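Report on the structure given below.
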Amino acid sequence: MRREIPLAITFLIGVFMLVDFFVPHHGVSAAAEEMKQWGTIVIAASILLGVGNLIRVHFRKIRRKSDGWGYSIMTLASMAVMLYFGGPWGTIEEGSAFNWMFLNMQVPLQSTMFSLLAFFIASAAYRAFRLRSAEAGLLLIAAIIVMLGRVPLGQFLTRGLPEKATLPWLTETIMAYPNMAAFRGILMGAALGVMAMGLRIILGIERSYLGGEK
Amino acid sequence: MGTLIWTTIGAILTLSVYSFLYKDNPFYKFAEHLVVGISAGYYLVIYYYNFIDPNVVTPVFQLRLGDQAIGFGSGAWWLALIPGLLGLLLYTRFFPRVAWVARWSLGIYVGGYAGLGISPVMQARVIEQIGANALPLTSVTNVLIVVGLLGTLAYFFFSMKHKGILGALARVGIVFLMVGFGASFGYTVMSRISLLIGRVSFLLHDWLQVV
Amino acid sequence: MNVFEKMLAIDRRWIFLAIGVAVILPFFFPLGLPVVVTPPVQHLYDAVDEIHPNDAPLLLSIDYAPATLPELEPMAVAILRHAFERDVNVVVMTLHPAGYGLAESALLTVAEEMGQEYGTDYCFLGFQPGTSAVILGMGVNIATVFPEDAYGTPLAEIPMMDGMRNYDDIPLVISLAGWSAAEAWVYYAYQPFGQAVGAGVTAVMATDFYPYLSSGQLVGLLGGMRGAAEYEVLIDTLDKGVQGMDSQSIIHIMIIILIVLGNIAYFGARRRRKLEETEAA
Amino acid sequence: MERTCVALAVAALLTVSLAGTAGAQEAPVEEALLDAAPPDSVAPAAPGALAARDYLDSNDAGDKIELDWELSPDDGEGSCDVVAYRLWRSQSASSPGELVTELSPGQTHYVDQNLEPGAQYYYSITAYDGTNESAPIACAPVSGRVNLFQTTRLSILVLMAVFFALVLIFTKLAERGAELFVRRIPGLNAIEEAVGRATEMGRPVLYVPGIGEIDNIMTIASLTILSHVAKITARYETPLIVPTARAVVMSAAEEVVKQAYAEVGQPDAYNPDNIRYLSDAQFAFAGAVNGIMLREKPAANLYMGAFWAESLLLAETGFEAGAIQVAGTAMVSQLPFFVTSCDFTLMGEELYAASAYLSREPKLLGGLKGSDWMKVVTIALMALGAILNFMGFESFVNWFQTQ
């Protein structure tokens, strides 16, 4: 009962969505659209579970005074502030406190975290691109050619040479052929994996996401 | 003035994140915990206003009585009840004894999207590719693409040991994979640095205004 | 622990420091490392260069969002400078909801710097939702899509806009976008109306746009910061683009050197280990 | 043509100003000059025959109708004063109905969309010069036909059927106990070794199921692998930390881990505080995970699922923290970074294969074998297509062009 019903639901909806792709009829697509929207709503509603978990974990940290509990207060506090400004008595329009906090705290924090990649990509290259094996060698050489081909200096180095010997040309060629061929292969294999998995889910063979077997 | 204050806050947070490059430290911990809290509050609010309120609360509580809306896509209030209910079912997870009920919503969601995903993937990643890769081996580039694709697929062939022809093909596949990985690694460097330049110009130009 | 092993064990924070310096320095001392102008950029430059001064305007669609600002804003600045330098009228609009402020600030800063006058030399239409619909609509009648400019003035009352009907009155459209907007201009302005379209996109997107160039659907293309830098070289006012490319070049080269050093160290250390093993044996 | 238009405009002006004395309405010269179409009392000649038909003998929902017409003689030539074509739609023959759209001169084609399938529509078109409108040209009533099958997608259906057949056949074989060989995937041993090492060192295992939503198949595959990992950690009572970026994934992960601990008879070792929701915001999540790596010092980091730009942020920090790292994703854009910065990486399909392989469940192996033989089928089709193309029979390959 606990498992059969959800599996039955999964099967019915899954098959319906599968069919929808091939049937242009309005009734079908309208129903599919509606169900897609249900999905987004379920996800939107689920955020409360996440926040609940967040509160529980940090609350326990604070109560146990386990190290870094001060920061947990910070997390809960900043969340509370956001909720206060965004709550029914607040507003989320442009210029609102809610919006300001988003634009001037969350956005810069996120884009700075993102920009850390500039540093990490360098350190990763330094330590990972070692000629340990022939394969590693290929990785290394391809990377170097493309890096040179991307910057004006690279162009500068090979100016004068016939077009098909310049680094930029080499770069584009590597990106357009070997690179693309390999990625097509990965994507095709992965696609089959996705479909097999999808089928297993619909048929209820794959059910780990519902929590193990029983 | 107000902007200056906000810019300064942004700048301080930016620097706190960069301090992580030296080592984990109170400033980074502060920034990290702050952004987690803010984003949690942010998404809770945004999800409510963007999905729950317009698609569930409004239609249901207006109980659009008398309007003829029936059938899917009509936005009829009783249709809005269903996702609302599914959403509520999720919350049974807060009560261990009935937590399993949440699986119903999960089942609908996962099942629906599993079915939804299959056909487009088949279309874009397999069918279209057959058309795109049915290339006569009449030019170097065609050979490159076909050989590369064959090799990679061979590498991902699990039903036999990689020996003999299959083994050789798989080796070719690895060659292409490695070249591909190296190339796209190098190709990405530029955009990553652009991000850093963006942040630095925020600090030097928008905040300190020294350049 | 010999020099090689030291190199292998180098604290990666030195690398971070080097990267940081390489990014910051060019802001203060632009090196102006050699930038070779590529054909796509040259063509876009020429297209702008052929527009008659004080006549039919260049339509610049600034469609980027904050995320891609560092790569695309330098393009906007360079193009605007070029146009204003030659007294070419410019109409600016945006198709990205978050683009309004960015487009406005870029336009106003350059206009002020070049002493241009609103309404006679340039004009800002603001944002309209519905990308493809907007582009198609403007092909029939601009005034139906943008009845008034961003500040509520009816187009008819704006000197430079008066009498403008549709793409027949626009010699060139340039879209700067980190998303599909640039393609939208090709599909909905070039295809149906034969409007000349140029584009500026992020470095990552650039490769996807080369086909449009060879097929002539785009008159020219700026790819990422490099495109901006090349344009700055053409109008010889070096700015963020070239600065950016300085940092880019330095860091790219730096990474390559690091890789080489890393390998020297790796092999040096390995040889030494081998030697020790043989001695031990 | 431009020139003729201007000339005609001027000519028109003269006639107007002459007519002016005869009391016809004045036309201010400058205004007229601005506009190729001088305001006159003469309507442009009507466009030629209008034809309407159901949009591309429909694979659509029957809600589109395609219209073609011939240019008005005054469009670009003649009196050269067509500013726009006006397309009208009506449910009855009697009235012109509503204005569908205005189309610029020179256009002769339009597809009217979002109509009611099956309903009858009467279309008419007029030429318009800004003031006057020509007589409407009507055409026979049309209606969109509803289709029940998208014929252009037949090839997709066929190959899907083939694939599913293969999968089901192998699954049945497996259930019957047939020995299905599947070669060992190197990355998989790595997972077990990594977890083993963490156990020896008495330090936790960090398992990141990606930042994909649970509808992402990579995430589902990841959850399957997670249940396998959880069983190992449960046996050795090694703490297992699972940070998530999606609430639903978090609750699914809770189920999976709790279940795994129960199955190996360690229900009490399960610590709910270790399955954490951090943030839906990509880099807030990455930042928080980095924090975990540096403060709770996991000895093994497993990244399995859908990753975007945060991949390298995690892997580099994890390396600095000295953990063994095994990644698995089908995100091609991120594979280069995992491959370079992790000890082992499950690439693309290997991620899906892993879930089947680990749970050693014959049913799951069926899917793997099915995919394998589907690859063979695909390659055969490509080769055949290439040959036929070469010989000039393109229809075969075109059958696979579905967009």
Side-chain angles (χ1 to χ4, degrees), chain A residues 2 6 9-10 13-14 17-18 21 30-31 34-35 38-42 44-47 51 54 71 74-75 78-79 82-83 86 102 104-106 108-109 112 114-115 117-118 121 135 138-139 142-143 146-147 150 174 177-179 181-182 184-185 187-189 191 194-195 198 201-202 210, chain B residues 6 10 13-14 17 29 33-38 40-45 47 51-52 55 72-73 83 86-87 90 100 103-105 107-109 111-112 114-119 121 125-126 141 144-145 148-149 152-153 156 176-180 182-183 185-187 190 192-193 195-196 199:
Chain A
R2 295 184 169 200
I9 300 173
T10 313
I13 303 246
M17 289 302 198
L18 194 56
F21 184 79
E34 187 84 33
M35 290 178 194
W38 294 356
T40 56
I41 293 170
V42 170
S46 76
I47 184 96
V51 173
L54 197 68
Y71 298 104
M74 260 273 313
T75 301
S78 50
M79 181 170 78
M82 269 322 245
L83 289 178
F102 172 70
N104 298 287
M105 299 173 103
Q106 185 171 335
L109 275 168
T112 310
F114 196 175
S115 72
L117 283 169
I121 210 168
E135 289 86 8
L138 289 165
L139 191 80
V146 171
M147 275 192 251
R150 296 276 283 159
I174 293 178
Y177 302 109
N179 178 70
R184 272 185 186 174
L187 286 173
M188 195 180 283
V194 167
M195 290 189 290
I201 292 170
I202 295 175
L210 292 176
Chain B
W6 280 117
L13 295 177
T14 305
V17 172
K29 288 183 191 160
H33 285 77
L34 181 72
V35 69
V36 165
I38 290 182
Y42 176 78
Y43 282 102
L44 199 53
V45 172
Y47 282 1
F51 301 105
I52 310 293
N55 301 322
F72 292 111
L86 292 175
L90 277 179
W100 56 273
R103 290 175 178 167
W104 294 25
S105 320
I108 292 193
Y109 186 71
L116 211 55
I118 293 178
S119 326
V121 166
R125 299 282 167 79
V126 181
T141 56
L144 267 176
I145 293 181
L149 184 60
T152 327
L153 286 179
F156 286 113
F176 273 80
L177 285 171
M178 287 303 149
V179 172
F185 187 106
Y187 202 81
M190 186 169 260
R192 296 297 179 253
I193 296 168
L195 295 167
L196 178 56
R199 292 319 291 163

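All values reported here derive from a predicted model rather than from experimental measurement. Letters A, B, ... are given to chains in the order of the sequence lines, protein chains preceding strands, and every chain is numbered from 1.
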**OP:** Tell me, for B:Phe156 versus chain A, whether the close heavy atoms (under 4.5 Å) come from the side chain, the backbone, both or neither.
**Re:**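 Interface part for B:Phe156: side chain.
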Could you check which of [options] has the highest count of heavy-atom pairs closer than 4.5 Å to chain A?
| options | answer |
| --- | --- |
| B:Leu149, B:Ile118, B:Ile145, B:Leu177 | B:Ile118 |
| B:Pro83, B:Gly180, B:Gly111, B:Gly186 | B:Pro83 |
| B:Leu144, B:Ile38, B:Leu90 | B:Ile38 |

Would you say the side chain of [Y] lies within less than 4.5 Å of the side chain of [X], judging by non-hydrogen atoms?
| X | Y | answer |
| --- | --- | --- |
| B:Leu44 | A:Leu83 | yes |
| A:Val42 | B:Ile108 | no |
| B:Arg199 | A:Pro108 | yes |
| A:Arg184 | B:Thr152 | no |

Worksheet item: Can you name the residues that form a side-chain hydrogen bond (donor to acceptor under 3.5 Å, both in side chains) with B:Tyr43, not counting sequence neighbours?
Response: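 Result, side-chain hydrogen bond (donor to acceptor under 3.5 Å, both in side chains) vs B:Tyr43: none returned.
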Subject >> Working for side chain to side chain contact (heavy atoms under 4.5 Å, CB included), residues A:Met105 and B:Val35 >> reply: CA-CA 7 Å; A:Met105 299 173 103; B:Val35 69; over 6 Å; no
- Query: Looking at residues at least two apart in the chain, or sitting in another chain, which of them share a side chain to side chain contact (heavy atoms under 4.5 Å, CB included) with A:Leu138?
  - Reply: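 Expected list: B:Val175, B:Met178, B:Val179.
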Need one label for [X]: side chain, backbone, both or neither, based on atoms under 4.5 Å from any heavy atom in chain B.
| X | value |
| --- | --- |
| A:Leu187 | both |
| A:Phe114 | both |
| A:Ile121 | both |

A:Ser115 side-chain N/O to B:Leu195 backbone N/O, donor-acceptor pair under 3.5 Å |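 Side chain of A:Ser115 to backbone of B:Leu195: no pair is present.
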#### Entry: Residues A:Met35, B:Leu116; criterion side chain to side chain contact (heavy atoms under 4.5 Å, CB included); working and verdict
CA-CA 11 Å; A:Met35 290 178 194; B:Leu116 211 55; over 6 Å; no
*Take B:Leu86 and A:Ile41, measure what side chain to side chain contact (heavy atoms under 4.5 Å, CB included) needs, and give me the verdict at the end.*
CA-CA 9 Å; B:Leu86 292 175; A:Ile41 293 170; over 6 Å; no
